[in-house]
Structures are given as C-alpha cells and as structure tokens.
Amino acid sequence: MSSPDEFDAFDNAADPAPRVPLSQRAVAARPAPYLDDLNAAQREAVETLDGPVLMLAGAGTGKTKALTSRIAHLLTQGRARPNEILSVTFTNKAAREMKDRVSRLLGQSVEGMPWLGTFHAICVKLLRRHAELAGLKSNFTILDTDDQLRLLKQLVQAEGIDDKRWPARQLANVIDGWKNRALTPEKVPTGDAEAYNGKGVKLYAAYQQRLRELNACDFGDLLLHMVTIFQAHPDVLAQYQRWFKYILVDEYQDTNVAQYLWLRLLAGGHKNICCVGDDDQSIYGWRGAEVGNILRFEKDFPGAHVVRLEQNYRSTAHILAAASGVIKGNEGRLGKTLWTAAEGGEKVRLIGHWDGEEEARWIGEEVEAMQRGTRGLQPYSLDDMAILVRASHQMRAFEDRFLTIGLPYRVIGGPRFYERLEIRDAMAYFRLVISPADDLAFERIVNTPKRGLGDKAQQKIQVAARSNGVPLVEGARILLEQKGLTGKGAAQLQLLVDNLQRWGRMVGEAGISHIELAEQILDESGYTEMWQNDKTPEAPGRLENLKELVKALESFENLEGFLEHVALIMDNEQETDGAKVSIMTLHGAKGLEFPAVFLPGWEDGLFPSQRSMDESGLKGLEEERRLAYVGITRAEEVCTISFAGNRRVFGQWQSALPSRFIDELPEEHVEVLTPPGLYGGGFGAAAQPASTLHDRAAEANVYNSPGWKRMQSRASERPISQPRETRSPVIDLTATSSHTVGERVFHQKFGYGAILSIEGDKLEIEFEKAGIKKVVAKFVMAADDIPF
Ligand code: ATP
Ligand code: MG
C-alpha cells in the first residue's frame, strides 16, 4: 500500500510552494492581494480555513471565485501543499479554468495540483493504486458504453431472457442508477427486486463478476469501487483522510449519492471541507444528482460554517430580476435574496419568430450587429457572445446559418452537428448509396448497427475487394457469392449489400423523394432502431439529431446536393484562432458567463422539454425551470430570449406555444422586440403580403398583440404534461390570398389536388385520391412549398 510520501512520486507532482514548518507559518504568510477583491462574506468563506464550510448562494455571487481564492489562500498560508488539496469540479473545462484562475491569483503556475479535477478523473487515479482491493489489477480498462452493453447482452442471453422485451440497454440503465446510488449488488434494497423483470440484481452481480474477470470497470464503478474500498478498509481511508488536508467542491448541488458518500468519507478526518453550490441550479436530477445533499450539509457536518452570498457581480438588475422571477415558480426552494450594484442596462429582450429558420437568421444578424456595435451599445467581441440551447439538435440551424454567412463559431461540450457520431454514421449510409465506391463510408457502417461482422469478417471483405480490384461493397458481394463467409454475419451482409443496391436504384426515382428515401435508409438499415433500443441518456438526443438531419435535407433538391453542401461548408470552415461565438447546451453552460447570451427555442415541449415533463411530471418541470434560471444567469449585460411559432418536424409544420417560462418573466424587466419583417424591415418575411404579416405578428406572439394574449390564456390552461399530438398543426405558410384557381396544392389529410374555386378562405379542391372537397385554406399548402 502506498504511504503518503509516495504520493509525490506517483503523481510526479511538482511542488511550487515550499513546505513551511508549522512554527514558521505566521512569518511565512505572504501578503494576499487576492483578498482585496473579495467582499466580506467571501473573505469569511476564504479565511475560515478550519472545519467545514458551506457556501450556499445564487448564481453569479462569486462562489467559484471564492473557492479558487481559498485554494490560493491555503497555498500562500502554507496550510497545505498543492498535492494535499483535493478540489472537485464537474467538467474538465471547469477544472482547467480553476487551475488557471488559481495561477493568476498566485502569479505563478500551479501545475502541481494532481488532485484538482472531475470526480471521475480523481477516482481513476485512486483506483489504479488500490485496484487489488476491488478485485482488479492496476492496469484495468475502462469500458465504454458499447463494450458495457455487449457484455450485458451476453449475460442477458445466457439467462434466457428475451432481449426484445427486456432490452439490455434497460438493464444498463438500471445498473447505472444503482451505481449512482453507491449500491453494490448486495446492497440493492428489496424494494428494487422487481427491476428488469425481477432479474436485475442477479444480472448486476453477474455483470460485476464478469467485469472483474475481464479486469475492467465501467464509469459508474470508478466511484462505486472507491466508496466500497473506503468503507471496507478503514486503514486506506484513514491514509487519505490524513493526506487530503483540504477538500473543496464546486457545484455541490449536482452530486449524486456515490459522489456524496465518497466526499463525506474523505472529509471524515480533518473535516476541512468547503462545498459551494446553489440549490436553484441543480440540473442533473436525471443523472441521479440529489439536491438534498447540499441541503443536509449542516447535518452531516455539525458546526459547519455557512456563508451566504447575496451580491451578484455578474448580471445587470434586469437580468437578475428576470431570472429570479422565473425560479420563483419552484416550490421547496431555500429561497435567496440576490441583489446587484449594476443598475440600468438593457432589459431582457424577448422576440417571437415565425419559424426556427427565421430565428437562426435573426440571431446571426443580431450577433453581427452587436459585433459592429448597435443601438448605442459598445461593440461586442464574438468571444463575448453565446447561444445556449436546450437540446443539442437545435444547434444545427445555427451552425448551418453561421457557416453560410461565414460567422466563426465554436461548439462547446460536444462535436459540431455534422461531426456528431450519429450524423457521420447516417451520412456514411447516404454517401454509400450515392457512391458505392466510397470505401470509407462502407467501413464506417458495415457493422453499425451490429451485424455480426467483426474484424475477421471485415478483413475477408478487404481481401476480396483488393484481390479483385473493386470497392468494398463489390468485394463483399464477391465474398458472399464465393461462400467465403457463413453464418449470421453472412446473411446480414447479404441484406446490407442488397439494400444498398436497392436504395441506390431508388435515388431519383419518381414517387419517392430524397427525404423519404433518407428516412427509409435509416429505418431499413436498422440504424434508427439501434438508437431507439439504446437506453443510455444520450440516445434520445441522438434520435433527435437524426430527425434534425432529415429536416436539413428539406432545403435541398436531392441527396447529392445535400452531401455536397455539407462537404463544402465543412471545408470552408477553417480553424481560425480568432474570436468565435459559442454554441452550447444549457447543461454545458453551468458555471460559465458571457456578456451577451441568446436563449433560443423557448417553446413548450422544447423548453421545458416534453420528455422531462412526461417522465418526471412536476419534478421534471421544476428541473427545467432551474435550467431556465441557469440560462438567464449566464448573461452579464444582454440576454435575448426567443421562440418560434412554428417548427418543421419531419416535413410537417407544427405550431408551438411559447414556453410557459416566458409567462413567468416579470414584464417590467422585459423588452419585447419586433419580429423582423413585421414592418417590411428586411428578411424573408418582407416579401409576403401584408395580411400574412399581420398573421405573422399575431402568431409570432408579441406581448401586446391579440395573438400573444390568446397564447397567454391558452398557456395558463395548460396542464403540466401536454402531449404534442394534441396541438393542432398549423400549415398557413401561404395565406388564402396567395392561392389561385388551378394551382396544385397539398392538404394534410386528403393529399394532393388542384383548386377548382376559391370562396373567401374556403377552397374547392379536386383531390387526386379523395375526390372533390371544400376545405379551409389554412390547412392547404401550395404543392411547391412542400418539402417532400
Ligand atoms: P455560478 O452560480 O453561475 O457558478 P458563481 O457564484 O460561481 O456563479 P463566479 O463565477 O465566481 O460566480 O463569479 C461571477 C462573476 O462575478 C465573475 O466574473 C467574478 O469574477 C465576479 N466576482 C465575484 N466576486 C466578486 C467580487 N467580490 N468583486 C468583483 N467581482 C466579483
Ligand atoms: Mg460557479
């Protein structure tokens, strides 16, 4: 077992601050200029070095600043060496930032802080040292979700369970949930015995056993093993309790039970633990975070020094008031008073758009306008602006728009839309259909979804292709003809090869649009199903991205055009070092701040997310509301909230109601902007006749318009969970006046037809399949406008 002295060697940690003997500490204490930048409450939190400290305070009150100052203080006061301080943050980005901030405060680099990082990063290090206590070797591998699933599938099959009814993904989810709660198989409560068809616990135990045999663990194990080791080996725990003189935790409200237990165990010695957080910003309940952890801190650490910070240094009074107005709607909060000295400034800006594309267009223009400096505002750098979305699929519209107008952007916390795994996979299928010689695409998808075509089978395909001088698809066909491959894999490969050929023939065929074909490819290949069966938290997002991809196709005449477009825009996008506007999810924006923030897509169903509300009812809604609070409080000076009245989903226009959170914004702190085009002021809308513009204004929901009032009264009647289907689809892109006799049109229910006569808003139409009918014009689209 390692002794504390070995820690230095293990971590290879530099130790910039020389160890100061206790007796000399007072002499050694250097001046601390960083303390001058703190207010009284922050100083208290920084200077109370002994015993537990809790900083529970609202957004932007300087919690993270105080936490980093505390690290600097511990170091300059000689209270601990850099490698005796354990500081935990939630993301790698936050960890990096914290290191940078401490370096700045101290005026020197603090590379020697091996224990500053995320829970996972720190636990990997610890577990490598004590792997044998978890039945592993120190060179254990960490499985990704794919491997984890494959393993679970084997166990499920061995148990004779029908994995169609009981998908292995579901089991993976159940096990993750237990791990988040620090439950080993033996500790799973009897109440959970029903999980996964009553076999969950047994399979969990088998899974853990199998992992040990493979000398592997999954992400959840990193914490679970360490908690278990600490509990079972008090000597090991005691060693770390002594070693970590000070523990600091940012975003404590988002810890799950395993993380909480781990911290509590480690802090049990010196009890020098300082946690900071905000119950209003707890946004990871869906991943097992327990906001209760922060609320019971004083019980866990009796005598805890609790510091409340009330001054917000980040945002203007309007932004703060708007955020406070929204979060007020949640029950069971601690409730906090927040104030800011930053009077004046812009009100929160609210703007309704006709549709999602217009929203993206407007934000693009606005970003450029702000960059130039408009309406008396100083110019903003692109680095100062961020677009925060609820769901990652929303990013695509912005990325496309920004690429088109050449606006540099970066996506934070994930790949850019066309670089996402599922998008690349889907595009590989499309590429292969258009160009069967695209071997790279073939390699990418030949075993995605899994077709039982492992490395060996793929090698055989490569050999067959190479020896015949043909592309891989052709090689695969030859291999199959020659019976070079047998079994399940062979049948699956045959199906893929046949399908590719069949889809290829359908390209450009009359009767099927490229959009239908794309959907068909994703369905028939089993690719969509693969994600539908995936029960990991990322899967629903991936499915939404796939839908978004199909939506993107609508602006193109054919698949080739689309593929070319993507290739070109990705090529145009050169990595520049210059300033960029940031695009990220609200979850990813936690702890960050920007002078100007755009919050698009505030529509019920999108935000608050329908899924959250369906799955978790009021609890889900409250978590969404906290997310709204997080979003607004990221903004320092300008906060712009927007929504669209219509969004295109799978080629269908769906109307959307403004988010209920918009109703909760205090009106006196909100300025409603006029949607573009309303008074003929540019953008696509200006081309429409005036009557349509009026409709647009109403539908675009401006506070003082009849449409807005109507929306508000409808919104107040809304139950928490309203399925999307109950909303009436609005298809009135082309208003009555724009139709002409003889025009070919499309009706949602009756399909295609030609207009025989027009009477006010009623149209007499001869439908190709449904015969002659009179219908209301608003449900009819010009056939030219239909994207399929
Ligand atoms: P969040 O809840 O969003 O994580 P936070 O409470 O961690 O916010 P910080 O990010 O630490 O807040 O601080 C918000 C902003 O206020 C930062 O720009 C920070 O530099 C500034 N700030 C914090 N404290 C002070 C202070 N005493 N004087 C001046 N500026 C301050
Ligand atoms: Mg913070």
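Basis for what follows: all heavy atoms, side chains included, without hydrogens, waters or symmetry-related copies. Order of appearance sets the numbers: ligands from 1, and atoms from 1 within every ligand.
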Below the 3.5 angstrom mark, is there an N/O of Gly60, backbone or side chain, next to an N/O of ligand 1?
yes
Any idea which atoms of ligand 1 are less than 4.0 Å away from a heavy-atom of Gly591?
4 (O)
Whether Arg625 side chain and Ile327 backbone form a donor-acceptor pair below 3.5 Å:
no
Strictly by ring pair (Phe, Tyr, Trp, His ring centres under 6.0 Å), give each pair with a member in residues 46-94 just once, sequence neighbours left out.
Tyr34-His73, Phe90-Phe119
One thing to verify: whether Glu359 and Arg401 come together as a salt bridge, which I'm taking to mean a side-chain N less than 4.0 angstrom from a carboxylate O.
no
Per-atom filter on ligand 1: closer than 4.0 angstrom to a heavy atom of Asn39 are 27 (N)
Quick check on contacts: which atoms of ligand 1 are under 4.0 angstrom from a heavy atom of Glu593?
14 (C), 15 (C), 17 (C), 18 (O)
Could you tell me whether the side chain of Thr61 and the main chain of Asn312 form a donor-acceptor pair under 3.5 Å?
no
For Asp278 and ligand 1, does the shortest N/O to N/O distance drop below 3.5 Å?
no
Taking salt bridge (Lys or Arg N to Asp or Glu O under 4.0 Å) as the criterion, tell me which of Lys328, Lys336, Arg626 meets it with Asp280.
Lys336
Does the residue Thr633 have a heavy-atom contact with ligand 1, meaning some pair of atoms that are separated by less than 4.0 Å?
no
What orientation do Tyr284 and Trp286 show, parallel under 30°, tilted 30 to 60°, or perpendicular over 60°?
parallel
If I apply the N/O under 3.5 Å rule, does Gly62 come out as touching ligand 1?
yes
Atom 21 (C) of ligand 1 has as its nearest protein heavy atom Tyr313 CB, 3.7 Å
At distances under 2.8 Å, what protein N, O or S atoms surround the Mg ion (ligand 2)?
Thr64 OG1
With heavy-atom distances below 4.0 Å as the criterion, list the atoms of ligand 1 near Arg634.
3 (O)
